[in-house]
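All values below were derived from every heavy atom in this structure, side-chain atoms included, with hydrogens, water molecules and symmetry-related copies excluded. Just follow the structure's listing: the first ligand is 1, and inside any ligand the first atom is 1.
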Amino acid sequence: MHSTQFDLTTLYDNHGRPINYVRLAVTDRCNLRCFYCMPEEGIRYLPKKHLLTFEEIERLISILACMGISKVRLTGGEPFVRNDLMQLIEKIASIQGVQDLHLTTNGVLTAPHVPLLKKLGIASVNLSLDTLDRTRFHNITRRDEFEPVMETLHLLLEHKIPVKINAVVMEGKNIEDILPLIELSKNYPVDIRFIEEMPFNGEGNHYPTLKWTYRNILQYIESHYPTLTKIPDAPFSTSYNYRVPGYAGNIGVIAAFSRTFCGTCNRIRVTAQGMLKTCLYDDGVLDIRQLLRSGIDDEEIKHQLMSAFKSRAKNGFEAEGKRHNHLPVSESMSTIGG
Ligand code: SAM
Ligand code: SF4
């Protein structure tokens, strides 16, 4: 048992924004090589000893829960390439104060675990699926794994686990998939979220200017669905949300590159190597792994986390400007935890 006492609080940053959500990357490794996330070759994975151990993750989440963080998302890399992930999920699900546990996965290894995820009360799963076409899937992910991902999707629906599909919109790669993905939400209660491509791919920008901005994605959808209706965005939502009348699922558009949602940002990130990011666009503001391994107690760790939460950048542009190397972002999303 850790020394932390549970105490329900609301945590605010220095801009008055509540923080109640942590996204934690359990690994930087992945079994796909998505075009927008990683280069095809030459990736240097972290040595395993640089990853947080399950015990360290559990301790950290307990401390954060005690500070007021009630929503946890496990991500990566691909979470399921980490051995015994379900054991970690089971432990996190039982931490006092963790009210919602979510998962982001590419679905390749996920299907066999769906029944246990349901049993453990997973709140939702975000499944990354940029196309419904096997050849384009191979072209985008550089791996031939379309079938297991579709099996995961069907099992999640069968088990009535809320599912959101994340699709990054890319010129020349999957524009022809926008409408078929929307059609998937006609009969299935699955939310489809179209995401602006960001330069977090290990290489930097793929395009001199981003063609598929959230406005252009939305215009394209509206031109094909004139009855598309705006629906209220949930508090802290990063997506602008819509519905095609009569369809079972919703449509979301995420301005991940344009960064229109910073004013209500309620989330922090912990990278695979245990760096705290208080903004997606910063390059790490606190080495949590080093703190966890230094022998200090939970109260001191809390204190240091609090200082970081109280010096948060106002938005993604400020965070990018404050990066230590002053270079624009180019690291892979797999190390950050998207
Ligand atoms: N491997 C898991 C997956 O793909 O779902 C979890 C990690 S992945 C980094 C999390 C999310 O980040 C995915 O939905 C992916 O589409 C998104 N992502 C990765 N690189 C991105 C980029 N350059 N721009 C926009 N979204 C990106
Ligand atoms: Fe792997 Fe997810 Fe990145 Fe694709 S987006 S390469 S599945 S970490």
Ligand 1 N/O within reach of Ser128 N/O, cut-off under 3.5 Å | yes
Cut-off 3.5 Å, side chains only: do Thr110 and Thr105 have a donor facing an acceptor?
-> yes
Ignoring hydrogens and geometry, is there a side-chain-to-backbone donor-acceptor pair from Asn14 to Arg312 under 3.5 Å?
-> yes
Going by an N to O cut-off under 4.0 Å, is there a salt bridge joining Arg134 and Asp144?
-> yes
Looking at Tyr12, is Arg17 sitting on its ring face, NZ or CZ under 6.0 Å from the six-membered ring centre and within 45 degrees of the normal?
-> no
Does Asn201 come within less than 4.0 angstrom of ligand 1, counting non-hydrogen atoms of the residue?
-> no
Check ligand 1 against Asn106 and write out every atom of the ligand that is under 4.0 Å from a heavy-atom position of the residue.
-> 2 (C), 3 (C), 4 (O), 5 (O)
Show which atoms of ligand 2 fall inside a sub-4.0 Å distance from at least one heavy-atom site of Cys34.
-> 4 (Fe), 5 (S), 6 (S), 7 (S)
Has Gly77 got any heavy atom lying under 4.0 angstrom from an atom of ligand 2?
-> yes
Could you tell me whether Tyr36 and ligand 1 have an N or O pair separated by under 3.5 Å?
-> yes
Before signing off on this row, confirm whether Cys30 and ligand 1 have an N or O atom pair separated by under 3.5 Å.
-> no
Heavy-atom proximity to atom 1 (Fe) of ligand 2, best of Ser332, Cys30, Ala25 = Cys30
Those atoms of ligand 1 less than 4.0 Å from some heavy atom in Val168 | 16 (O), 25 (C), 26 (N), 27 (C)
So the atoms of ligand 1 within less than 4.0 Å of a heavy atom of Phe200 turn out to be 23 (N)
When you look at NZ of Lys71, are more than 12 heavy atoms from neighbouring residues, nucleotides or ligands closer to it than 6.0 Å?
-> yes
Taking only heavy atoms of Asn106, which atoms of ligand 2 are found under 4.0 Å from at least one of them?
-> 7 (S)
Crowding at NZ, Lys48 (>12 non-hydrogen neighbours, <6.0 Å) = no
Kindly say whether the aromatic ring centers of Trp212 and Tyr220 come within a distance under 6.0 Å.
-> yes
Verify the distance criterion only: is there a donor paired with an acceptor across the side chains of Tyr21 and Asp100 at less than 3.5 Å?
-> no
Backbone or side-chain N or O of Gly77 under 3.5 Å from ligand 1 N or O = yes
Please find out if less than 6.0 Å separates the ring center of Phe200 from that of Tyr281.
-> yes
Thr75 heavy atoms within 4.0 Å reach ligand 1 at atoms 6 (C), 7 (C)
Check whether any N or O atom of Glu78, backbone or side chain, sits under 3.5 Å from an N or O atom of ligand 1, and answer yes or no.
-> yes
Asp130, any N or O under 3.5 Å of ligand 1 N or O = no
Considering only heavy atoms, does Thr105 approach ligand 1 within less than 4.0 Å through its side chain, its backbone, both, or neither?
-> backbone
